[in-house]
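Reading through the structure tokens given below for one structure.
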Amino acid sequence: MKPIGERDALLVVDPQNDFCPGGALAVPEGDQIFDNVNRLLPRFGHVLATQDWHPAKHSSFQPQGGPWPVHCVQGSHGAAFHTWLHPERIQQVIQKGVDVGTDGYSGFAGTALATRLRDLGVERVVLCGLATDYCVRATALEALQNGFQAVVVTDAVAAVNVRPGDGRKALDEMQAAGAELVDTAEVLAG
Ligand code: VGL
Ligand code: ZN
């Protein structure tokens with residue numbers, strides 16, 4: 001990959017308790033990403049994170065007829081960032097999924113993320129976080145649609161895998177749409 005520079009931002013997608021083992025919507029081995037995420041953080045001048053931030057009766061929740069258990073309710077422990085993440089490195093937090101009626105998978109949907117990135121002069125977004133097959137996927141695809149380059153760090157993401165292979169499929173889809181797939185070592189070497 002092209003070496004990291006001023007026009008790159010690291011975007012940590014939903015590094016939250018509810019997506020880690022013990023959480024309401026646990027991603028298998030979701031907490032195993034943090035070693036690599038923490039190695040990536042100091043390499044970037046711009047670091048942002050998204051935070052899934054749902055109202056209590058969000059339409060994606062099972063009691064409301066949605067697909068997911070209740071998760072990442074605004075202000076709850078489950079919605080907080082996992083303590084293994086080094087929080088002092090996160091410069092801006094973009095809360096998403098606030099609107100009751102939309103799934104809020106993408107960090108760009110109904111948020112100021114694109115504007116914030118443009119204000120910083122960012123042209124390329126490097127993505128890590130949770131979960132590969134939902135919010136990382138949606139955010140990477142919308143980054144491309146918004147005119148940013150997108151890079152996905154494959155050993156700093158983890159998938160829900162509701163159906164086996166969903167994570168692999170999502171990576172293939174992101175790559176087919178124009179995203180570059182790299183591993184942490186490749187980013188750090190740049
Ligand atoms: C996510 C399902 C529901 C994610 C968020 O962060 O990938 N997945 N809400
Ligand atoms: Zn959610």
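In each ligand, atom 1 is the first atom listed, and ligand 1 is the first ligand listed. What's counted below: heavy atoms across the whole structure, side chains too, no hydrogens, waters or symmetry copies. Counting from 1, the numbers follow the sequence of the chain as shown.
For D133 (side chain) and A159 (main-chain N/O), no donor-acceptor pair under 3.5 Å exists by modelled atom type.
With rounding to the nearest 0.5 angstrom, the CZ atom of R89 is 9.5 Å from the CG atom of N38. Remark: C128 SG to N36 CG distance equals 9.0 Å, nearest 0.5 Å. For the atom pair NZ of K96 and OG1 of T139, the computed distance is 6.0 Å after rounding to the nearest 0.5 Å. Here the CG-NE2 distance, from D31 to H82, works out to 5.0 Å after rounding to the nearest 0.5 Å. From D14, atom CG reaches atom CD1 of I94 across 12.0 Å, with rounding to the nearest 0.5 Å.
Aromatic pair H71/F61: centroids less than 6.0 angstrom apart.
Taking a cutoff of 4.0 Å between a charged side-chain nitrogen and a carboxylate oxygen, R168 and D172 qualify as a salt bridge.
Residues of the protein with a heavy atom under 4.0 Å from ligand 1 are D14, F19, L25, D52, W68, H71, Y105, L130, A131, Y134, C135, listed by chain and number.
For E29, the CD atom sits in a loose shell: 12 or fewer heavy atoms of surrounding residues, nucleotides or ligands are nearer than 6.0 Å.
Shown are the protein N/O/S atoms under 2.8 Å from the Zn ion (ligand 2), given by residue and atom: D52 OD2, H54 NE2, H71 NE2.
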